[in-house]
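Notes to accompany the following structure.
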Amino acid sequence: MKPGARSTYERIYRVVRGIPRGRVATYGLIARLAGLPGHARQVGYALHALPDDSGVPWFRVLNARGEISLSPAGSGTVQRKLLEAEGVLFDKRGRVDLGRRLWKPRAAVR
DNA sequence: CTCCTGACTAATA
DNA sequence: CTATTAGCCAGGA
């Protein structure tokens with residue numbers, strides 16, 4: 001993580017770490033919980049800059065449609081596998097049923 | 001400094 | 001359902 005990235009990234013990572021196993025969240029949701037409403041894009045940017053050994057469950061973050069925002073041919077496959085290993089299933093279109101799988105946290109930022 | 005890109009979203013047509 | 005638009009802002013050239 002770069003020095004200049006500061007608290008914005010940390011806020012995001014803190015929220016992502018709170019996603020329970022077998023549940024998923026969306027970029028926009030993470031942004032709001034992190035106290036950064038409207039910064040969904042930056043959430044994606046932050047996760048992209050995240051090291052693989054960070055321990056942050058980045059793979060539990062999907063876009064608003066319940067799809068993986070990564071290239072299906074790239075690390076998107078890895079993300080899907082990680083989620084399926086937790087019991088998160090994808091339909092024929094490659095989407096997760098957010099209605100049932102979306103993480104419903106009790107409190108925001110904190 | 002400016003310009004462009006991008007793990008995004010919500011609103012509108 | 002798809003397409004377009006505007007809003008967001010960190011980083012690299």
Where is the tightest heavy-atom contact between A/Arg101 and A/Gly87, given as atom of each residue plus distance?
-> NH1-O, 3.2 Å
side-chain contact (heavy atoms from CB on, under 4.5 Å) against A/Pro20, all qualifying residues, sequence neighbours excluded = A/Arg23, A/Trp103
For A/His48, report the nucleic acid contact type (base, sugar-phosphate, nothing); a contact means any heavy atom under 4.0 Å.
-> base
Tell me what A/Arg95 touches on the nucleic acid: a base, only sugar-phosphate, or nothing, going by heavy atoms under 4.0 Å.
-> sugar-phosphate
Answer yes or no: does a side-chain N or O of A/Arg41 lie under 4.0 Å from OP1 or OP2 of C/dA6?
-> no
Euclidean distance, atom CZ of residue A/Arg32 to atom P of C/dG7 [Å, nearest integer] | 20 Å
Side-chain donor or acceptor of [X] paired with backbone N/O of [Y] under 3.5 Å:
X       : Y       : answer
A/Arg11 : A/Ala34 : yes
A/Gln79 : A/Val61 : yes
A/Ser75 : A/Val78 : no

Salt bridge present between A/Arg60 and A/Glu86 (N-O < 4.0 angstrom) = yes
Name the residue closer to the 5' end of DNA chain C, choosing between A/Tyr45 and A/Gly38 according to the nucleotide with the nearest heavy atom.
-> A/Gly38
Residue met sooner reading DNA chain C from 5', once A/Arg93 and A/Ala40 are mapped to nucleotides | A/Arg93
For C/dC1 versus B/dT9, give the span between their P atoms, rounded off to a whole number of Å.
-> 15 Å
Contact span of DNA chain B against chain A, any nucleotide atom under 4.0 Å from a heavy atom, 5' to 3', runs B/dG6 to B/dA10
